[in-house]
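The structure appears right after this line, and notes come after that.
Atoms within each ligand, like the ligands themselves, are counted from 1 in listed order.
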Amino acid sequence: MNKITAKAYAKLNLSLDVTGTRPDGYHEMCMLMQSVDLCDEVKILLTHTGEIRIRTNFRFLPSDGRNIAVKAARAFFDELGERALGADITLKKRIPVCAGLGGGSSDAAAVLRALNTMLEAKLPPAKLEQLGRTLGSDVPFCVRGGTQLAVGRGDELRILPPLPDCGVVICKPPFSVSTPELFRRIDGRKGHTHPDTEGMLEAIERGELRGVAQRLFNVFEDVPGRHRGAAAEIKSRLLDLGAMGTAMSGTGPSVFGVFENMEQAEHARKALSQRWRDCFAVRPAAPEL
Ligand code: C5P
């Protein structure tokens with residue numbers, strides 16, 4: 001097989017906690033993560049040029065070796081010791097960038113999965129996760145996606161049962177947030193409220209959507225920054241529209257609300273899109289390995 005089209009799903013943080021700092025300069029995290037069916041499309045054509053090229057519909061993204069999808073392909077070929085192989089990647093972005101939705105991480109993971117299939121390399125998922133770790137903290141999660149607990153740098157993973165089917169509305173305010181800056185700001189805080197990770201884990205294990213929705217929580221939400229006002233406004237609107245719970249994802253600024261079903265989510269998306277341009281109604285998803 002020398003051609004493939006793969007889906008790269010967005011991720012949401014159902015809960016996000018920062019529990020400490022690490023000697024490597026990163027932070028200790030404790031997150032419940034969920035992939036949803038808002039996705040980028042990654043087309044790969046295998047070549048024998050030794051070059052990895054990328055084209056994307058999003059003109060602000062680097063279209064050279066700085067692009068994380070190119071780095072992923074390079075890491076995969078290096079792992080196999082392949083010097084002669086190359087790839088032409090066409091990336092159709094739908095996931096907003098710098099939005100807390102893991103778009104870049106998911107593109108990288110999709111490249112790893114796709115090359116593994118195309119080259120029949122049969123690297124186990126744990127190996128793909130290990131390669132992903134060198135590319136970014138959220139890439140290992142995106143390899144298998146679905147519903148997972150992520151601790152350590154965010155790369156120590158435990159696979160959980162899938163979330164019950166539901167509708168989710170994601171809304172991204174029209175600005176981006178600096179992830180390192182938000183981590184710096186949280187360091188300056190004395191103590192902060194933590195999510196009920198245990199309670200949410202139990203709710204996930206029992207398949208109780210309401211128990212999950214009631215515990216959605218992100219410690220970055222309350223850290224000062226431009227995202228805070230927008231998050232509060234969107235959350236309040238989502239709740240008015242019938243969301244069972246809401247939270248910001250990652251370091252923002254995207255905010256999401258969980259609804260009982262897709263009809264309610266679609267109704268809320270329509271209402272919110274009068275005010276915010278980037279609104280999506282999605283459902284939980286998991287990539288095929
Ligand atoms: O790993 P990744 O490149 O996605 O991380 C982006 C930034 O987020 C890092 O440079 C760091 O500032 C911050 N980060 C962190 N601790 C983590 C994950 C990310 O401090 N566990």
Same apolar cluster (I L V M F W Y, side chains within < 4.5 Å links), Leu238/Trp276: yes
Pairing of Arg237 and Glu233 as salt bridge, 4.0 angstrom limit: no
For Met29, atoms of ligand 1 separated by under 4.0 Å from a heavy atom: 21 (N)
Shortest protein contact, atom 10 (O) of ligand 1 (heavy atom only): Pro180 CG, 4.4 Å
Closest protein heavy atom (residue, atom, distance) for atom 8 (O) of ligand 1: Thr179 CG2, 3.3 Å
Distance-only side-chain donor-acceptor flag, Gln34 / Thr147, under 3.5 Å: yes
Atom NE2 of His267 with >12 non-hydrogen neighbours under 6.0 angstrom: no
Hydrophobic cluster identity match, Phe256 and Phe217, side-chain contacts under 4.5 Å: no
CG on Leu241 to OG on Ser236, rounded to 0.5 Å: 9.0 Å
Nearest protein heavy atom with distance in Å, relative to atom 3 (O) of ligand 1: Gly136 CA, 4.3 Å
Protein heavy-atom partner closest to atom 14 (N) of ligand 1 - residue, atom, separation in Å: Phe183 CE1, 3.4 Å
Closest protein heavy atom to atom 1 (O) of ligand 1, given as residue, atom name and distance to 0.1 Å: Ser137 OG, 2.5 Å
Closest protein heavy atom (residue, atom, distance) for atom 9 (C) of ligand 1: Tyr26 CE2, 4.0 Å
Nearest protein heavy atom with distance in Å, relative to atom 16 (N) of ligand 1: His27 N, 2.8 Å
